[in-house]
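Just below is one structure, and these are the notes that go with it.
As a basis for the values below, the full set of heavy atoms in this structure was taken, side chains included, without hydrogen atoms, waters or symmetry mates. Below, chains carry the letters A, B, ... as their sequence lines are ordered, and counting in each starts from 1. Remember, it's a predicted structure, so these values are computed and weren't measured experimentally.
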Amino acid sequence: MILKALIFSNSFALIIAFLLIFMDRVINNYGPCTLTINDDKEVQARGGTTLLRNLFESKYFIPSACGGKGTCGYCKLIVSEGGGSILPTEELMLSSAEKKQGYRLTCQLKVKNDLKLHIPEEYLNIQEYEGKIVISDPVTSDIRRVGIALSTEDEIIYKPGQYVQIKIPGSGESDYRAYSMASCPVEKKQIEINVKLIPDGVGSGYIHSLSVGDELDFSGPYGDFYLREDSHRDIICVAGGVGLAPIKSILLHWQRHNLNRTLWLFYGARGTEDLYDHEIFAELNEREAELKYFPALSEPDESWTGEIGFIHSVMDKALPGDINGEAYLCGPPIMIDAVTSVLVSKGVGEERIWYDKF
Amino acid sequence: MSLFLLLFASVITSNIALSYFLGMCPFVTISKKIDVAAGMGIAVTMVMTLTASANWLIQNLLLVPLGLEFLQFLVFIVTIATIVQILEIVIDRYFPVMYLSFGIFLPLITVNCAILGISLFMVLRSYGFIETVLYSFGSGVGWLLAIVTMGGLRRNLVFSKPLANFGDPGITAIIAGIMALGFIGFTGVSG
């Protein structure tokens, strides 16, 4: 009886699998299509697959943080011809202005015919790199500092605050996870990321399992969270926990280029052991007159002599009310929201606040 | 005559959504707008009819002769998933307009308990093939009727202010309850 059931269920599954493969090959096959990019380049695409996947296969890297599920909205591009009408799954992610301009979510849009689309200049700088791990040090109980050297002759050109997407090898299609770079952009041959281990996290688990000498692939740089250099305002940096990474990149860049602007660094963490790189900033604080460093712990032990409490209340006390500044925030959403309202009360408008929530 | 009664009962008196409270997730979440609700309803009707018919054939031509009825759940679920997948591919390819209006909901239906419920009921009540087709089609239409009515009622919610705690799903569940009471009134019609 058991044997019969096994034979039956196996052959049933086999038939179903063949049927589905057949349908996918025959009916879901729209043949080769041509994508015209920015009116000058033409690439071949596989019909029946999403536009995002096709662009990835042709080495055009479009930001995407959710793995093509239509929930992050990063992968939108202007599709000027051949896109058809907007799918209900795109509706939520596109504003009415974007719909008028012809924006589409490339992870939802299936290529069925020739398409004309526009890829912004900054995305064309995004490249794929092969890297080798040269540093993998635990800096707290769950955060690891990972240095990745570019294996090839390549160089990575980025702005302080931007992020890379690390390729996470899987059984099926590869996954990508985003990590901010903590290194100074002057170093073009090596980047640093800070990775906090998330229980059951696909990306952090993978990166924590690697050791010095292992290779990994990534692409970048991505993101519009980076230091604006066309102003002379004070730079207000706020970091929560592992959100320090892009802030550190901004700080290193600021120090390296002697930017003639005051930098306020607010750095919040839970316990003393969670405040990594604190010594570096404290030492820098002694030397640089223009750096104002405020570390704060919410649950300190007896040895802590600095500020106690959440970072937004520390900031509320420390920042003068008439500050002419612009702010860069990176940390958990609840911190970003609290800090934003403090900043607005100090006269820093929301258009001068940039943030990275995670 | 009994076939007609069966169809009528499945649409109205033993409405799958309002008498059995099956398929509640989409019933609550996708009933905000009438046109979207109708799209979902049509998709459910189509999938229900096709899967119940296919499952009847599999049950009576394969599982029963082989004495493997205990594999029912497994086989039914796989059949449903396959049919939904194929339907989506075919509609996307040949009927793009239909795909836009309801094809997009098809993947959501795979896990809809009303679909599996109909296949299990038809075995439980030992329906014949024609009866199964009518019963599943009728149940689909009944579900469509219920969700479109709910869509219409919820549209009017913009004019009222339900208590904050009732929120959107809360007030929808209460409306569904009142609608179900209304449907009880049909009970005597077909006995």
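- Note that the CZ atom of A/F22 and the CD1 atom of B/I86 stand 10.0 Å from one another [nearest 0.5 Å].
- Under a cut-off of 6.0 angstrom, the local environment of CD in A/E351 is crowded, with over 12 non-hydrogen atoms contributed by other residues, nucleotides or ligands.
- Taking the side-chain contact (heavy atoms from CB on, under 4.5 Å) definition, one finds that A/D337 meets it with A/K357, sequence neighbours left out.
- Interface residue B/L68: only side-chain heavy atoms are found under 4.5 Å from chain A.
- Heavy atoms closer than 4.5 Å to chain B are found in the backbone of A/I86, but not in its side chain.
- Heavy-atom neighbours of A/D200 CG from other residues, nucleotides or ligands within 6.0 Å: at or below the threshold of 12.
- A distance of 10.5 Å separates CD1 in A/I7 from CG in B/L66, rounded to the nearest 0.5 Å.
- Within a 6.0 Å sphere centred on CZ of B/F137, other residues, nucleotides and ligands contribute 12 heavy atoms or fewer.
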Kindly provide each donor-acceptor pair between chain A and chain B shorter than 3.5 Å, listing atom names and distance.
| unit_1 | atom_1 | unit_2 | atom_2 | d |
| --- | --- | --- | --- | --- |
| A/K4 | NZ | B/L66 | O | 2.7 |
| A/I27 | O | B/R93 | NH1 | 3.1 |
| A/N29 | O | B/R93 | NH1 | 2.8 |
| A/K110 | NZ | B/D92 | OD2 | 2.7 |
| A/K112 | NZ | B/D92 | OD1 | 2.5 |

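- Proximity to chain A involves both the backbone and the side chain of B/I89, based on heavy atoms less than 4.5 angstrom apart.
- For B/I174, the CD1 atom is densely surrounded, since the number of other residues' heavy atoms within 6.0 Å is greater than 12.
- Both the backbone and the side chain of A/L87 come within less than 4.5 Å of a heavy atom of chain B.
- Residue B/F183 places its CZ atom among more than 12 non-hydrogen atoms of other residues, nucleotides or ligands, all under 6.0 Å distant.
- To the nearest 0.5 Å, atom CZ of residue A/F12 and atom CG of residue B/L62 are 8.0 Å apart.
- B/F121 CZ: more than 12 foreign heavy atoms inside a 6.0 Å radius.
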